[in-house]
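Data block below; observations after.
All values derive from a computational prediction rather than experimental measurement.
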Amino acid sequence: MTVLSTRPSSRPTGRTSARPLRAATSLRAPGLDWLLMLAALALVTLGTLLVWSATSTRADLTGGDPNAYLRKQLVNIAIGLVLMVAVLATDHRWVRILAPLAYLASVGGLVMVLVAGSTINGSRSWIQLAGMSIQPAEFAKLAVVIGMALVVAERTERRWGRRVGSLEVVIMLVIAGVPAALILLQPDLGTMLVLSATVFGVLAVAGAGRMWLAGLTAGAVGGAVAAASLGVLKPYQVDRFLAFTNPGLDPRGAGYNTEQARIAVGNGGLFGQGLFDGSQTRSGFVPEQHTDFIFTVAGEELGLVGAGVLILLVALVIWRALAISARAGDLFGRVAAAGIACWWGFQAFQNIGMCLGIMPVTGVPLPFVSYGGSSLFAGMLALGLLQNIHLRSAGPIRR
């Protein structure tokens, strides 16, 4: 049996030190977190049906083939499941060893986007690879989480009882700052907001001081004001924020997406108009309905009850991620799992909120639900990592 840590039990552990690591040489453990797995797969299944409904009558998207996006999404799911299993089956020590490589790969992808990326909807965020459009910013979210978690673990686990200090916080901010700057140059405001919220959550879980957290909050507000004032944001992005503060400002322009999304959700009533029968959905009034505004399909066709079930599944996934974080056998697993929960939680809130008009339109997908390979691949990789952490924390693993 290989033992990953031999720390004596009599030593003080401190607030942020990890509990003793358990041996990890095989996958024979009490089992997967089946609540997490089933909830995530239910979201993927429901999302596939919603994507199919949103695209089946859109000849401008499908080229006349109503099943085109259904087949594409099924291929994405198959690839995502392979990625999930690969991470799930990887020895926990190798996950930590490969974390820097994953981070460097994500930064390299973001650089490639700026050099030779494709511009879609005003943002240079995609690169063409093997006939697929890949969005490196989606993978950067996970890479930042595991990179920051690795810094915390490497600099605190081996120093008995050492708390996260200013030097660790600075290193973590540098790790997050490099991809954040590259994402801002695209510019991808939605991903930037999600990444910022995720970084804040990771720092809070890792034990960063309150002064750091307060300073980062003030800095984020100041940075947003400066970005708008200095012209870093595109005019259409500024208009979206203005439309959010005053929905009636430009109902046929910047406020059109929000207005149509509200109409679609309102049409659903209690039980919805029926899958594939939504009037707004079939007419194509809601832009980007299979990606950013996928929740409006659920609201219109499945009603308040169906949309509520979707939100409940999202909440269940986030809860299980937090539970895995609380039981993690090492500090890396604890911080990484909490960071994933923050990422999914804020992104889901942002996506659903903009469909309901309580958040500005920034263009982020709903985790596990929206159409798109990059978002689904990153989510399935994170799901595999959560299950990996759970398997190594659920109990002693024997040969």
Side-chain angles (χ1 to χ4, degrees), residues 46-47 49-62 69 120-123 125 187-194 224 227-228 233-311 314 346-367 369-372 375:
L46 180 57
L49 292 174
L50 296 177
V51 168
W52 190 14
S53 176
T55 59
S56 61
T57 59
R58 296 287 304 277
D60 57 319
L61 293 176
T62 65
Y69 275 78
I120 301 176
N121 294 332
S123 178
S125 302
D188 186 347
L189 183 58
T191 300
M192 185 64 188
L193 290 175
V194 173
L233 301 180
K234 298 288 186 181
Y236 75 89
Q237 292 174 321
V238 177
D239 290 341
R240 284 178 177 179
F241 275 96
L242 293 176
F244 166 68
T245 58
N246 184 7
L249 183 64
D250 187 11
R252 295 185 178 276
Y256 177 80
N257 291 8
T258 301
E259 185 69 20
Q260 294 301 318
R262 285 176 169 176
I263 293 173
V265 173
N267 283 346
L270 185 60
F271 296 107
Q273 297 182 358
L275 194 61
F276 299 98
D277 289 329
S279 56
Q280 289 284 106
T281 299
R282 293 183 65 83
S283 301
F285 285 122
V286 183
E288 308 299 334
Q289 199 170 16
H290 60 302
T291 54
D292 301 341
F293 288 92
I294 192 69
F295 184 77
T296 63
V297 185
E300 181 177 42
E301 299 190 342
L302 305 180
L304 179 63
V305 173
V309 170
L310 189 153
I311 294 175
V314 171
F346 183 80
Q347 186 162 319
F349 175 76
Q350 169 63 29
N351 178 278
I352 295 173
M354 71 181 187
C355 292
L356 299 178
I358 61 174
M359 290 292 285
V361 176
T362 53
V364 295
L366 184 57
V369 180
S370 293
Y371 171 80
S375 175

Open item on the list: Within the 4.5 Å heavy-atom criterion, are S279 and N267 side-chain neighbours or not?
Closed with: yes

Task: Separation of I352 CD1 from F293 CZ (nearest 0.5 Å) - done: 13.0 Å

Task: Test salt bridge (charged side-chain N to carboxylate O under 4.0 Å, His left out) applied to R282 - qualifying residues, sequence neighbours left out - done: none

TODO: Of all the heavy-atom pairs spanning I294 and S370, show the shortest one and how long it is.
DONE: CG2-OG, 3.3 Å

Task: Main-chain N/O of N351 paired with D292 side-chain donor or acceptor, under 3.5 Å - done: no

Open item on the list: For a quick test of reading the model, state the closest non-hydrogen atom pair linking F276 to L49 and the distance between them.
Closed with: CZ-O, 4.4 Å

Open item on the list: Exactly one of T55, L366, T281, L302 should register a side-chain contact (heavy atoms from CB on, under 4.5 Å) with L50. Which one does?
Closed with: L302

Open item on the list: I'd like to know if the side chain of Q347 and the backbone of P365 have a donor-acceptor N/O pair within less than 3.5 Å.
Closed with: yes

Open item on the list: Working to the nearest 0.5 angstrom, can you tell me the gap between S53 OG and L275 CG?
Closed with: 5.0 Å

Task: Contact summary for G357 and T258, nearest pair of heavy atoms - done: CA-CG2, 3.9 Å

- [ ] Please report the shortest heavy-atom distance between F285 and Q260, naming the atom on each side.
- [x] CB-OE1, 3.5 Å

TODO: Report yes or no: does S375 contribute a side-chain atom to a donor-acceptor pair with the main-chain N or O of G372 at less than 3.5 Å?
DONE: no

TODO: Grab the two heavy atoms, one from F346 and one from L193, that are nearest each other, plus how far apart they are.
DONE: CE2-O, 3.7 Å

Open item on the list: I'd like to check I311 versus F295 (side-chain heavy atoms, cut-off strictly below 4.5 Å). Are they in contact?
Closed with: yes

Task: C355 to A261 - nearest heavy-atom pair and separation - done: O-CB, 3.5 Å

- [ ] Answer with yes or no whether the side chains of T296 and Q280 bring together a donor and an acceptor at under 3.5 Å.
- [x] no

TODO: Find the distance between CD (Q273) and CD (E301) and round it off to the nearest 0.5 Å.
DONE: 7.5 Å

- [ ] Anything under 30° is parallel, anything over 60° is perpendicular, the rest tilted; go ahead and classify Y69 against H290.
- [x] perpendicular

